[in-house]
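Have a look at the structure below before the remarks.
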Amino acid sequence: MNLSPISLAVRSTCPYCGVGCGVTATPLPDGAIAIAGDASHPANRGRLCVKGAALGETIGLEGRLLHPAVREDGALRQVSWDEALERVAGGLRAIIDQHGPDAVALYVSGQLLTEDYYVANKLMKGYIGSANIDTNSRLCMSSAVAGHKRAFGADLVPGCYEDFDLADMVVLVGSNTAWCHPILFQRIARLKDARPEVRIVVIDPRRTATCELADLHLPVKPGTDVWLFNGLLSYLAKSGVQDTAFIEAHTNGLEQALDAAHVDCADPLAVARHCRVEPSDLMAFYGGFAATTKVITAFSQGVNQSSAGTDKVNSIINCHLLTGRIGQPGMGPFSITGQPNAMGGREVGGLANMLAAHMDLDNPQHRDTVQTFWSSPRIADKGGLKAVDLFKAIEAGTVKAVWVIATNPMVSMPDANQVQRALEKCELVVVSDIIANTDTNAFADVLLPALGWGEKDGTVTNSERLISRQRAFLPAPGEARADWRMLADVARRMGFDGFDFASSHAVFDEHARLSVFRNDGARMFNLAGLCGLPAPDYDKLEPVQWPVRRGADGALEGSARLFADRRFAHADGKARFIATAPRAPVNAVDPEYPLVLNTGRVRDQWHTMSRTGRAPRLADHTAEAFIDMHPQDALLYGVREGELARVSSQWGAMVARVQHGGGIARGSVFVPIHWNGQSASDARVGTVVNPAVDPVSGEPEFKHTPVQVERFGVAWHAFVLSRSELALDQVAHWTRVQGRGFARYEMAGRGQLRERAAWARALLGVSMDADWLDYEDASDGVYRAVHVVGERIEQCIFLSPRTDLPARAWLASLFASDSLTQLDRAGLLAGQALGTRLDTGPTVCSCFGVGRNTICAAIVARDLKTVPEVTACVKAGGNCGSCVPEIKVLLMQTRARETA
């Protein structure tokens with residue numbers, strides 16, 4: 001990596017999850033970047049999860065998109081920015097002139113900075129005049145947005161992270177917080193350590209790492225959250241726990257909400273049966289919630305990603321409104337945002353049914369306010385196409401141009417094969433990205449190189465409404481540009497005024513001024529204190545929660561909590577109870593598709609892995625996609641742990657390796673979302689996921705797709721470690737894993753290999769005169785070979801008809817050596833570590849690279865009994881804490897074996 005730093009140390013914000021951790025980036029003389037947590041940032045106080053800590057490994061220029069390009073006759077041709085921008089502007093203008101503004105669309109991302117989002121929204125809704133701009137936040141947080149708007153009158157998160165510290169009960173619903181929001185989870189863990197009496201309840205169909213902290217786990221049947229919380233609402237009302245004064249003075253709609261809840265959910269035993277939980281556990285949850293004033297109910301994708309997601313959100317909020325547990329320290333419903341700037345995108349109207357500054361498209365006064373402020377020639381007057389409908393309209397031909405910015409819908413969207421058909425038919429596909437080769441970029445007519453983290457400059461807003469700065473500490477590589485600048489350049493070429501922004505600061509200032517324009521206090525989103533902020537102050541801006549005002553001394557004053565005055569954003573100032581009649585997921589299992597597919601994240605990867613997939617330490621914990629299923633289901637459907645299987649639905653199929661994680665109920669399977677066409681041959685789970693959406697929010701049902709699982713028969717299994725890239729077109733199944741100085745390929749094939757040595761040489765591109773050591777057991781079908789250049793290992797391959805291949809960790813360690821010893825060579829051919837070189841086992845602690853075998857050996861040798869003892873001995877668990885639940889399991893299992 002050869003990067004030229006433009007400063008010595010910079011405070012910025014992590015670009016991954018919605019916790020919004022502060023980081024410091026220090027360029028080093030050798031070109032590397034030292035990453036650390038920002039001790040002064042209120043979201044994390046210096047702590048980082050392993051993804052954030054590995055940011056320095058993800059910012060090299062290998063594989064970057066560095067120059068504009070256009071596709072001609074199926075091939076990409078590098079062009080100037082002028083030519084690329086003219087192609088985009090002219091193409092959009094021609095389509096609009098012929099077919100109208102609704103024939104074009106933008107599909108954007110929570111990876112964008114607020115300034116980028118703002119310019120995109122202004123261009124689309126105020127100048128092109130269509131609301132056909134949607135975002136991948138539609139896929140993760142739009143149900144929370146819709147639920148907030150129905151209950152509170154605007155998209156408002158009432159609380160802050162400090163409320164977790166002050167709560168006496170924390171309920172985590174549909175959130176594997178330990179893996180998906182690790183720093184927030186560690187905050188909860190510290191609360192539990194400091195006050196053991198605090199109750200932690202996890203509501204999730206799977207037993208995840210988060211459950212290791214829980215006092216109570218409710219493994220509800222997928223899709224039954226509304227039954228559960230309607231039952232709680234009914235129980236609270238019957239138990240006389242409601243805050244009558246608050247309800248009468250500050251809410252509407254309780255009677256209708258209770259009527260809906262009482263119909264099917266008045267009997268806790270019936271609720272327990274429907275949700276498939278133990279009645280005693282259900283009553284423990286209901287009783288604990290009723291008896292505890294300071295309750296935080298935090299929810300994430302397991303609630304939102306549902307065809308009933310908005311009702312799930314409102315069923316949770318209803319319980320807090322009934323008890324008046326909102327707007328005060330230590331209590332309230334809390335939406336844990338998925339992406340780093342999903343909240344910022346919502347602030348500027350990034351969704352197709354919103355206007356900027358939390359104004360509403362269906363409100364004529366709001367439309368006039370925004371159009372007047374922008375002095376725009378028009379304003380969108382109806383909601384645009386939400387993500388799933390947008391790609392359907394592209395396939396149908398009603399939308400003829402789409403500009404995809406900072407996202408990869410070919411991997412992340414449901415029914416991804418339909419997305420491919422849409423992009424293949426679209427007249428003009430423009431993609432702005434930092435990576436040259438993605439599944440989506442393969443269909444781009446115009447590719448525009450964007451700035452990445454460390455290069456771009458602006459703001460993001462996290463889950464608690466905290467605005468933080470992302471700052472540049474690297475120069476723009478190649479010809480890459482900021483997204484806001486590309487959008488403004490295209491707007492000007494289309495003949496639009498109002499886009500003469502000279503900097504991200506200028507964009508932010510306009511965004512802040514719009515928040516106060518004609519704002520008489522009815523709109524809670526208000527950045528009055530940031531209006532007119534001079535550029536140096538913008539550069540130095542400290543994290544601050546909106547609404548933001550100036551105090552009498554001129555200092556910025558943020559707002560930790562909303563609704564402390566019991567006033568909400570509806571016109572009458574009252575909150576709304578929402579009647580949430582329970583309903584099942586859209587697609588039910590049947591004899592052909594008898595299992596329910598659930599999707600989600602793994603601990604050390606992010607979205608479609610275009611960044612995290614570059615970091616070797618992030619690949620060590622979970623190297624391949626997998627199908628997690630119950631052992632009895634595996635037996636029933638003829639698949640085995642460690643072997644490959646195909647998951648298929650009526651929408652598509654994918655292939656991955658079966659595992660028994662021990663946390664999934666019969667009748668369900670879990671597959672992670674991250675793997676794409678560059679990292680695996682056939683592991684895009686989006687091709688399998690059904691396209692059903694919530695009728696209010698438009699959010700897809702990622703957590704409930706009927707599927708079947710069947711054996712993916714292969715004749716052999718192999719893996720390769722190679723310093724050079726391999727072509728794997730002829731391999732039936734493969735996964736590429738980034739190592740330190742090499743790539744690892746896990747693969748399998750269908751046909752019998754008659755000449756294994758010749759096949760292996762051809763695959764690795766090794767000539768006959770190369771230094772090639774090999775071993776073959778023809779009767780057993782086992783083959784091992786190593787390619788040495790000089791004294792250094794260049795490649796190695798291990799082949800077997802079974803999955804019992806050698807451990808990878810000790811082999812990977814050989815690539816760090818400049819020369820192989822004779823013992824190393826013997827070990828390579830024997831298929832196991834020899835002498836003092838030990839196999840550390842699969843990685844448990846990615847922060848310090850500590851393997852399972854190392855931890856288990858220390859537990860036995862040192863008679864370790866607690867996680868702190870393990871940490872003191874081998875360091876595992878001593879940084880972000882994401883591996884602590886796994887260490888707890890290893891302690892229990894290892895000590896049980898030793899005492900058996």
Short side-chain to backbone donor-acceptor contact, [X] and [Y], under 3.5 Å:
X    : Y    : answer
Y118 : A356 : no
S649 : P706 : no
H148 : A154 : no
D433 : A406 : no
R465 : L156 : no
H67  : Q78  : no
S503 : A506 : yes
S463 : T337 : yes
S648 : A653 : no
T459 : I467 : no

Does the pair [X]/[Y] count as a salt bridge with the N-to-O cut at 4.0 Å?
X    : Y    : result
D497 : R492 : no
R614 : E62  : yes
E83  : R77  : yes
D155 : K149 : no
R93  : E86  : no
E455 : R64  : yes
K392 : D415 : no
R646 : D682 : no
D489 : R481 : yes
R150 : D311 : yes

Go through the side-chain N and O atoms of [X] and [Y] and say whether any donor and acceptor fall under 3.5 Å apart.
X    : Y    : value
E699 : S142 : yes
E701 : Q305 : no
S143 : D694 : no
Q650 : Y593 : no
K312 : S306 : yes
D102 : S130 : yes
N314 : T580 : no

Classify the ring geometry of Y538 against F508: parallel below 30°, tilted from 30° to 60°, perpendicular beyond 60°. tilted
Which class fits the ring pair W374 and Y127: parallel under 30°, tilted 30 to 60°, perpendicular over 60°? tilted
Go through the steps for F525 and H511 under the test ring-ring contact (aromatic ring centres under 6.0 Å, His included), then give the verdict. CA-CA 11 Å; F525 177 71; H511 162 57; 5.7 Å; yes
If you count heavy atoms of other groups shown closer than 6.0 angstrom to CD of Q365, is the number above 12? no
Looking at D368, I want to see if its CG is surrounded by more than 12 non-hydrogen atoms of other residues, nucleotides or ligands under 6.0 Å. yes
What heavy-atom pair brings [X] and [Y] nearest, and what distance separates the two atoms?
X    : Y    : value
A522 : N519 : N-OD1, 3.7 Å
P477 : L66  : CB-CD2, 3.7 Å
P691 : P414 : CA-CB, 4.3 Å
M413 : L139 : SD-CD2, 3.8 Å
T13  : W453 : O-NE1, 2.9 Å
R346 : M141 : NH1-CB, 3.8 Å

Show your working on side-chain hydrogen bond (donor to acceptor under 3.5 Å, both in side chains) between N136 and S412 and close with a plain yes or no. CA-CA 8 Å; N136 62 10; S412 57; 5.6 Å; no
Starting from the C-alpha separation in whole Å, work towards a yes-or-no answer on side-chain hydrogen bond (donor to acceptor under 3.5 Å, both in side chains) for E347 and W546. CA-CA 10 Å; E347 293 163 10; W546 61 258; 2.8 Å; yes
Before you tell me yes or no, could you show the steps for R611 and Q111 under side-chain hydrogen bond (donor to acceptor under 3.5 Å, both in side chains), namely the whole-Å CA-CA distance, both residues' side-chain angles and the distance that decides it to 0.1 Å? CA-CA 12 Å; R611 286 180 302 194; Q111 302 295 306; 2.6 Å; yes
Could you list the donor-acceptor pairs under 3.5 angstrom formed between side-chain atoms of residues 440-450 and any protein atom two or more places apart in sequence or on another chain?
from	atom 1	to	atom 2	distance (Å)
T440	OG1	N408	OD1	2.6
T440	OG1	M410	N	3.1
N441	OD1	T438	OG1	3.1
N441	ND2	I435	O	2.8
N441	ND2	A436	O	3.1
D445	OD2	V429	N	2.7

Please lay out, stage by stage, how F373 and E510 fare under the test side-chain contact (heavy atoms from CB on, under 4.5 Å). CA-CA 9 Å; F373 179 83; E510 183 173 304; 3.6 Å; yes
Test salt bridge (charged side-chain N to carboxylate O under 4.0 Å, His left out) applied to D457 and R469, step by step: CA-CA 8 Å; D457 186 80; R469 290 280 275 112; 3.2 Å; yes
Does R684 count as lying over the ring of W675, i.e. NZ or CZ under 6.0 Å from the six-ring centre, within 45 degrees of the axis? no
Does R576 form a side-chain contact (heavy atoms from CB on, under 4.5 Å) with F152? I'd like the steps, not just the answer. CA-CA 7 Å; R576 302 282 189 272; F152 307 141; over 6 Å; no
Determine, stepwise, if the pair R493 / D82 fulfils side-chain contact (heavy atoms from CB on, under 4.5 Å). CA-CA 10 Å; R493 281 171 167 79; D82 281 341; 2.7 Å; yes
Which residues pass the side chain to side chain donor-acceptor pair (under 3.5 Å) test with E424, not counting sequence neighbours? Q420
Rounded to the nearest 0.5 Å, what separates atom CH2 in W484 from atom CG in L113? 11.5 Å
Contacts satisfying ring pair (Phe, Tyr, Trp, His ring centres under 6.0 Å) that involve residues 379-429 (not counting sequence neighbours) are Y107-F391
Show the numbers, then the answer: is there a side-chain hydrogen bond (donor to acceptor under 3.5 Å, both in side chains) between T114 and N341? CA-CA 7 Å; T114 301; N341 201 32; 3.1 Å; yes
Between V402 and L106, is a side-chain contact (heavy atoms from CB on, under 4.5 Å) present by the stated rule, with each step listed? CA-CA 6 Å; V402 62; L106 300 185; over 6 Å; no
With a 4.5 Å cut-off on side-chain heavy atoms, are V689 and T599 touching? yes
